[in-house]
Amino acid sequence: MTKSTHEQANSAVPERAGRKEWTALAVLMLPLLLVSMDVSVLYFAVPAVSADLEPSGTQQLWIFDIYAFVLAGLLMTMGSLGDRIGRRKLLMFGAAAFGVASLTAAYANSAELLIAARAVLGIGGATLMPSTMALVRTMFRDAGQRAKAIGIWSGVMVAGIALGSVMSGILVEYFWWGSVFLVNLPAMVMLLVLAPVLIPEFKDPAPGRFDLLSVPLSMAAVLPVVYGIKEIAAEGLETTYVASLAVGLVFAALFVHRQRTTDSPLISPALFRGRGFAPAVLLNLISTLAMMGSAYFTTQYLQSVLGKSALEAALWALLPSVLIGFAAPVATALVQKGMNRAHVVSAGFVISACGYGLLTLTGTDSMWTVLTAAGLLACGAVVVGSQLTDLALGSAPAEKAGSASSLLETGQEFGGALGMALLGSIGNAVYRGEIPDAAPAEAHETLGGALAVAQHMPDKAASALTAAAREAFTSGMHVAALAGATLLVASAVLASVTLRRSEPAKQTPEELERISSPSGV
């Protein structure tokens, strides 16, 4: 194509997004909010589900966990698939699957059917998350606008997880447990109606063949690792869980080898050659680790240390989320005004570290200190997440945006599991070391176990055990918070070094013309 043709093509394509693109972003945020809410939407519904469907202990665990496992296992596959067949097409398929599965889950009359519906919800979620992020990358070609849009995306994602548990508590309080799934339907119907009108199609013009072998390899790598990490966090270093982790790591090595040697990889190794992409994935994982690790302690603190009901604790936990709405826009504005992104990301890590620092100062009656700490941790995480997502997607070719976003999101899944496992294990070790030797065996395991035992003891002994267990838990939280703060300060230094020269190159005229085409070709 001649230079004059490039100039004509680029002059015909507006660099800046208009009202249609911003309206499309609002439409995309609805399914994203619901997908992130579904991670926590069963927190308060589980007792009602158990009473109605009478699942076994194993079935109850799968009802709760199957969504996150399927979501994590399929993110890379769906991100690559969207790049190949079209992100809008995959988005609409995911919305339809999510809607049908939500309806099925709401009226499930057996534990088996609910587990199956939750699995399909995970499939739908795995299509929706990378599709929405990839579409943001290609709809907003102006770097400044894209940064703002990604900031909104990051804020909605974090807020959805916090809102899910509260909404489930309110709905279960006034309706039946199936209502927590029915709220998904209006948004999915709206997406199916409006997506063809507002959202253009984008796909890789030369994707190559789809490597089917990489799909089971990716799932065999992700699922055992996530399962092993989560179970180790909950049950300790048992042989089965360590073996699961080892098996996953073996398949992860095989998956990486496959991507490096096949002609048409599911995840192109070239993504990691983009400036800033690899550091962004790693640092985003660490930020998620810190955020989810803190949530492990703060949610238990509100309920078991302060003695608040589950719904009351969830409502209080919403308060720190107010600050999230300001964090990403401020970070984006600072970068756009010329501040080095490395410094902004480092500042985000420091803000989160300050949140952990506050947690080290808590006693057994420090609700406002804990809420302030949670607010700082959330703000820092959103600053880091929004900037690293923008950096990673900006450094990836537009035709690989789905694969790039799926890698970021898979890293977040690992980070969340690691946060609970590593920091939770530190806190539990301190708790077990400080609980009095004379306490009942159940009290040596968890704070929840100690409180349960105390209910069946004489008043004086119950009060003494409760006070000792709460003190031991708070001490464990202090040590875990110190470890978290140390990790975040180290990450701030790492970000300042690795991101200093990592700004992605500007898009070429060929790329701008390609992604502006209705079909992406």
Side-chain angles (χ1 to χ4, degrees), residues 147 150-151 154 157-158 225 229 249 252 256 267 269 271-296 327-328 330-332 334-335 338-360 373 376-396 404-405 407-426 479-505:
I150 288 175
S154 300
M157 187 70 187
V158 174
V225 171
I229 291 172
L249 292 175
V256 171
I267 300 295
L271 284 172
F272 291 91
R273 292 195 287 270
R275 287 183 294 177
F277 185 82
V281 172
L282 174 62
L283 291 168
N284 199 42
L285 183 154
I286 295 173
S287 179
T288 308
L289 183 158
M291 184 67 189
M292 296 305 294
S294 69
Y296 175 85
V330 170
T332 300
L334 289 174
V335 172
M339 181 176 287
N340 192 301
R341 193 194 301 268
H343 297 156
V344 175
V345 172
S346 295
F349 277 117
V350 171
I351 291 170
S352 289
C354 289
Y356 267 129
L358 269 183
L359 285 182
T360 66
L376 289 172
L377 279 155
C379 279
V382 170
V383 167
V384 170
S386 62
Q387 292 306 307
L388 292 178
T389 300
D390 183 42
L391 175 61
L393 292 185
S395 66
S405 62
L407 278 172
L408 279 170
E409 289 154 4
T410 302
Q412 289 174 348
E413 294 293 327
F414 281 125
L418 281 169
M420 293 187 181
L422 297 179
L423 298 182
S425 296
I426 292 172
V479 177
L482 183 61
T486 302
L487 175 64
L488 288 171
V489 170
S491 299
V493 175
L494 181 64
S496 67
V497 173
T498 60
L499 302 182
R500 189 169 298 161
R501 301 181 182 276
S502 295
E503 287 301 307

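Values reported hereafter were calculated over all heavy atoms of this structure, with side chains retained and with hydrogens, waters and symmetry mates removed.
Between Met339 and Val344 the shortest heavy-atom distance is SD-CG2, 3.5 Å. In terms of heavy atoms, Ala280 sits closest to Ala392 at CB-CB, 3.9 Å. Looking at every heavy atom in both residues, Gly348 comes nearest to Val383 through CA-CG1, 3.9 Å. Listed here is the closest heavy atom pair of Gly355 and Leu376: CA-CB, 3.8 Å. The two residues Pro279 and Thr498 have their closest heavy-atom pair at CB-OG1, 3.8 Å. The shortest heavy-atom contact between Ala381 and Ser352 is N-OG, 3.4 Å.
To the nearest 0.5 Å, atoms OG (Ser386) and CG (Asn284) are separated by 9.5 Å. Between the OG atom of Ser491 and the CD1 atom of Ile286 there is a distance of 3.5 Å, given to the nearest 0.5 Å.
Not counting sequence neighbours, the partners of Thr410 by the side chain to side chain contact (heavy atoms under 4.5 Å, CB included) test are Leu75, Met76, Val222, Phe414. Every residue meeting the side chain to side chain contact (heavy atoms under 4.5 Å, CB included) condition with Ala495, not counting sequence neighbours, appears here in chain and number order: Leu283, Val345, Ser346, Phe349, Leu499.
No side-chain donor-acceptor contact under 3.5 Å links Tyr356 to the backbone of Leu377. Thr360 places a side-chain N or O within donor-acceptor distance of the main-chain N or O of Gly357, the cut-off being under 3.5 Å.
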With a cut-off of 3.5 Å and sequence neighbours excluded, list every side-chain donor-acceptor pair involving residues 479-490.
from   : atom 1 : to     : atom 2 : distance (Å)
Thr486 : OG1    : Leu482 : O      : 2.8

